[in-house]
Structures are given as C-alpha cells and as structure tokens.
Trainee: 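So that we are looking at the same thing, I have put the structure below in structure tokens.
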Amino acid sequence: MADPLQPSFLTRLRAGLAGERDTVYLEALRAAGRVAYDEMLAADELRERLPTLWNIPVAPASQLLAAWNAFVLQTLGETFLDADYAAQPATAGYVPPVTFDQAAAWLTAVGDWVSWARQARANPELDLALLTALPAPLPAWAEVITCPPVHLAALQAAVAPVREHAEVALHALVRQGVPPQFESAVHRLHQDTAAAAAAVEYAAGLRTGRHHPGLHELIEQNLKRALELWYRVGQLASMPSLLSGPRFDVWCMTDRATLSRWRNDPRACQAVLEMWRGDPNPAATLAIQSRIDAGLRAGDLWYHVPRFGDTCYFEPPFSSLYEVRRPIRIAGIALRVQTQFAVRGGVNRGLVLGPFRPTERVRYRVA
C-alpha cells in the first residue's frame with residue numbers, strides 16, 4: 001500500500017474525482033494519539049499492582065478510566081482509516097467524507113483523555129468524575145443514509161481489541177471478590193458483556209456473500225451496540241464508584257460553546273471545583289439552571305450572541321449569556337424582554353445582569 005502521507009498525482013486525481021478528503025489532518029491526529037497505547041500499558045500495569053479496585057483512590061481510578069477511553073477512541077479511529085486504505089488502495093491517503101468525519105470525531109477526542117490520564121498520575125487528588133460526566137458516551141456516530149461496506153470491516157476489526165481489554169478490566173475488578181452492595185451492579189456488567197458478545201456473534205451470522213441493504217444495516221447496528229456496551233463496561237470497571245450511579249457534573253452550568261476551552265484550562269478547572277465546594281447550597285444553584293433550561297425550552301429565553309467577544313461570562317461557572325424574549329422570573333428577579341444575563345455560582349450565586357462587554361480578563365476566583 002502506498003504511503004498515505006505521500007500520495008501520488010494519480011492518487012490525488014482519483015480521490016478528487018471520487019469526492020474524497022485528504023487525511024493529512026487525520027494522520028497527524030493518529031500519530032499524536034498513539035501515546036494512548038502507552039497510557040493503556042501504564043494503566044494495565046497499575047491494575048496488576050493493585051490488590052483490589054474497590055477501594056481505589058480517585059486519582060488512580062481516573063487514570064485507569066481516562067487511559068481506557070483514549071485507547072478505545074484511538075483504536076476506532078485507526079481501524080477506520082486502515083480499513084479504508086486496504087479496501088481502496090488506489091486512493092490511500094484519502095477517504096470518503098463520512099469516514100473522515102467519523103474518524104475525526106474519535107481521534108480529536110483522544111488528546112483530552114490522554115491528558116487527563118497523565119494529570120491523574122501527577123495529581124493524587126484529581127477526580128475525573130468532577131471534571132466531566134461519567135461514564136462518557138462514545139462520540140456520535142456519523143450520520144449517513146447507507147453505511148459504507150468498509151465501515152463494517154472497520155467495526156469488526158475494532159471489536160477484538162476493545163472486547164479483550166474490557167473483559168480483562170472486568171476480570172480485574174471481580175478477581176478478589178465483590179462487596180455485597182455492588183453485587184447487583186456487577187451482575188449488570190456481566191449482562192452487558194454478554195449482550196455485547198451476543199451482538200457480535202449475531203452480526204457475524206448475518207454476513208453473506210451477497211450485499212443486502214437490510215442485512216448491512218442490521219450488522220452495523222449490532223456491531224455499534226457491542227462497542228458502545230464494552231466502552232461503558234471498561235469505564236465502570238476502571239472506576240467502580242460509578243456503579244453507585246453517575247457522579248455530579250461540575251460543568252453542567254458551563255457554556256457549551258466554550259466548554260472545551262475551560263476544561264483545558266487548569267485554573268478554570270480548579271476555579272469551578274472551588275466554586276462548588278464553597279457553595280453552601282448546590283441544590284439552589286442547580287435550581288437556577290433548571291429554571292433557565294425550562295425557559296429555553298419554552299422560548300422565554302435564548303442565548304445571547306454578542307457581535308464581538310465570547311458567548312460566556314468570564315467567571316465560574318463560565319455560564320452562557322442569555323437574553324429574555326418573554327417576561328420571566330428567575331432566582332427571585334423579574335426579568336424584562338431583551339434583558340441580558342449570566343449566572344454566577346458559589347456563595348454569591350445568582351444572576352449577573354448585562355449588557356456585557358468583550359474582555360480578555362478571566363475572574364477565576366469567586367468572592
């Protein structure tokens with residue numbers, strides 16, 4: 001197979017005629033993301049050293065979970081690229097738009113999980129469950145009317161390594177016994193692994209020598225379901241405290257458009273954690289956000305998008321900017337039409353009324 005990073009003139013011509021996209025961006029992500037395998041190896045070694053995972057501190061558990069997620073996403077991204085190159089060697093270095101979008105969704109997410117795995121190794125107090133919602137779902141599957149046949153080969157290739165590591169993680173969790181309060185949850189994990197294995201076996205049984213759109217779709221659905229189940233099982237086996245139920249997402253009030261910026265800012269992460277730790281009544285703070293969410297659904301509010309500057313307020317929890325469309329009362333304040341506001345958390349929870357001006361100054365500490 002030709003080097004995908006050095007496509008010939010004929011390769012570029014064929015790809016252009018087929019409407020395919022250059023994978024130089026994806027190949028750079030693939031190369032950078034290969035450190036995910038090193039993190040998975042370090043996680044496996046850590047898992048072997050631990051006598052039990054049931055009382056594991058938050059930082060090692062965060063390391064195990066982050067390494068697992070990075071490994072799965074890197075594996076999926078690489079198998080999709082390699083499967084396309086193998087099926088279409090004449091355009092190696094280029095892939096159909098749907099393949100590009102799907103591989104990009106996975107490979108772009110690897111960096112964050114690798115970073116969190118390394119942060120957990122460096123900070124014995126890091127709790128990943130306070131930084132992002134866990135267990136995390138797989139990035140969305142690319143929308144396509146008919147899944148390309150090569151995608152089935154890629155999904156099938158990803159099954160073996162993902163399944164093997166998920167089952168190893170689950171075995172490590174239960175090898176020294178299961179606390180009584182977690183027995184039912186562990187039974188459900190075994191049920192999920194059985195369901196994933198059954199889906200893969202059923203998909204294999206559906207394969208024939210002839211193409212049939214209905215069978216093709218059914219095979220795809222089963223393979224996707226299996227990978228989603230193993231992805232979740234691996235996370236829960238890495239951080240068994242999650243078996244008690246999802247942990248609180250400290251970013252639930254943060255502006256979605258700028259969320260990745262704040263999550264990648266160590267000072268912002270610390271500021272949001274301190275905001276919630278210092279909040280004497282988190283339920284009251286969350287009630288404000290619930291009222292805002294209801295107003296958005298009803299059309300009473302909408303997001304305020306300034307002509308210049310960012311879409312969020314530069315103070316924890318870094319909330320979106322909102323604008324009133326119909327009169328509404330939030331946090332005891334009667335808001336008139338066109339009023340702009342944001343949300344402040346912590347001890348001084350409440351609304352911050354606009355208008356707002358662009359700024360580069362971030363107020364990390366909440367007075």
Side-chain angles (χ1 to χ4, degrees), residues 29-80 103 105-139 157-176 186 189 192-193 196 226-243 246-247 249 251 260 263-264 266 269:
L29 291 174
R30 182 217 287 253
R34 286 196 176 109
V35 294
Y37 300 127
D38 296 330
E39 291 304 319
M40 192 62 190
L41 179 60
D44 287 341
E45 292 173 349
L46 171 62
R47 189 178 275 110
E48 285 299 316
R49 293 197 305 269
L50 293 169
T52 178
L53 295 174
W54 292 108
N55 57 0
I56 183 174
V58 291
S62 297
Q63 178 191 343
L64 295 179
L65 187 148
W68 163 254
N69 285 2
F71 165 78
V72 173
L73 295 170
Q74 181 72 15
T75 299
L76 288 170
E78 290 204 33
T79 54
F80 262 57
W106 290 324
L107 293 174
T108 53
V110 172
D112 284 343
W113 293 109
V114 167
S115 175
W116 277 329
R118 293 188 175 178
Q119 290 176 47
R121 282 199 273 169
N123 179 3
E125 297 181 351
L126 186 140
D127 186 352
L128 188 54
L130 297 179
L131 301 179
T132 188
L134 297 175
L138 277 174
V159 161
V162 172
R163 176 179 184 172
E164 177 185 356
H165 282 79
E167 291 179 348
V168 167
L170 182 54
H171 173 73
L173 178 66
V174 303
R175 65 188 174 192
Q176 297 297 330
V186 170
L189 288 184
D192 285 345
T193 57
L227 290 167
E228 289 170 349
L229 285 169
W230 279 318
Y231 188 61
R232 183 175 181 274
V233 167
Q235 293 180 72
L236 295 175
S238 299
M239 185 179 283
S241 61
L242 295 174
L243 292 171
R247 299 278 295 281
D249 179 13
W251 300 100
S260 60
R263 279 181 169 171
N264 291 316
C269 291

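Computed over heavy atoms, backbone and side chain alike; hydrogens, waters and symmetry mates excluded.
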Trainee: Pairs under 3.5 angstrom only: tabulate donor-acceptor contacts from the side chains of residues 161-170 to other protein residues two or more places apart or in another chain.
Mentor:
| residue | atom | partner | partner atom | Å |
| --- | --- | --- | --- | --- |
| Arg163 | NE | Glu167 | OE2 | 3.1 |
| His165 | ND1 | Pro161 | O | 3.0 |

Trainee: Decide yes or no for Leu64 and Leu53: does some side-chain heavy atom of the first lie under 4.5 Å from some side-chain heavy atom of the second?
Mentor: yes
Trainee: Which atoms form the tightest heavy-atom contact between Ala109 and Leu73, and what is the distance?
Mentor: CB-CD1, 3.7 Å
Trainee: Please round to the nearest 0.5 Å and tell me the distance separating atom CG of Leu128 and atom CG of Leu65.
Mentor: 6.0 Å
Trainee: So do the side chains of Arg118 and Val35 get within less than 4.5 Å of each other, counting heavy atoms only?
Mentor: yes
Trainee: Nearest 0.5 Å please: distance from the CG atom of Leu138 over to the OH atom of Tyr231.
Mentor: 5.5 Å
Trainee: For Met40 and Ala67, work out which heavy atoms get closest and say how close.
Mentor: SD-O, 3.9 Å
Trainee: To the nearest 0.5 Å, tell me how far Leu107 CG sits from Leu76 CG.
Mentor: 9.0 Å
Trainee: In sequence, state the C-alpha distance, the side-chain angles, and the governing distance for Leu126 and Val58, and then conclude on side-chain contact (heavy atoms from CB on, under 4.5 Å).
Mentor: CA-CA 7 Å; Leu126 186 140; Val58 291; over 6 Å; no
Trainee: If I compare all heavy atoms of Ala103 with all of Gly77, which pair ends up nearest, and what's the gap?
Mentor: CB-O, 4.3 Å
Trainee: Within the 4.5 Å heavy-atom criterion, are Thr52 and Ile56 side-chain neighbours or not?
Mentor: no
Trainee: Is there a side-chain contact (heavy atoms from CB on, under 4.5 Å) between Phe71 and Asp44? Walk through the geometry before answering.
Mentor: CA-CA 12 Å; Phe71 165 78; Asp44 287 341; over 6 Å; no
Trainee: Judged by modelled atom types alone, do Arg47 and Ser238 share a side-chain donor-acceptor pair under 3.5 Å?
Mentor: yes
Trainee: Look only at the side chain of Thr79 and the backbone of Thr75, and say whether a donor-acceptor pair between them is shorter than 3.5 Å.
Mentor: yes
Trainee: Describe, in one word, how the ring planes of Trp116 and Trp113 are oriented to each other, choosing from parallel (under 30°), tilted (30 to 60°) and perpendicular (over 60°).
Mentor: perpendicular
Trainee: Roughly how far, to the nearest 0.5 Å, is the CG atom of Leu229 from the CG atom of Leu189?
Mentor: 10.5 Å
Trainee: Got Cys269 and Trp251 here, is their nearest side-chain heavy-atom distance under 4.5 Å?
Mentor: yes
Trainee: Provide the closest heavy-atom pair for Trp68 versus Trp230 in the form atom of the first, atom of the second, distance.
Mentor: CZ2-O, 3.3 Å
Trainee: Distance from Gln74 atom CD to Glu39 atom CD, nearest 0.5 Å?
Mentor: 12.0 Å
Trainee: Inspect the contact between Asp192 and Arg232 and indicate whether a charged nitrogen and a carboxylate oxygen are less than 4.0 angstrom apart.
Mentor: yes
Trainee: Taking all non-hydrogen atoms of both residues into account, name the closest pair between Leu236 and Pro135 and its distance.
Mentor: CD2-CG, 4.1 Å
Trainee: Residues in salt bridge (charged side-chain N to carboxylate O under 4.0 Å, His left out) with Arg30, at least two apart?
Mentor: Glu27, Glu78, Asp82
Trainee: What heavy-atom pair brings Ala120 and Gln63 nearest, and what distance separates the two atoms?
Mentor: CB-N, 3.6 Å
Trainee: So, Arg121 and Glu45, do they make that salt bridge, N to O below 4.0 Å?
Mentor: no
Trainee: Nearest 0.5 Å, what's the OG-CG distance between Ser62 and Asn123?
Mentor: 9.5 Å
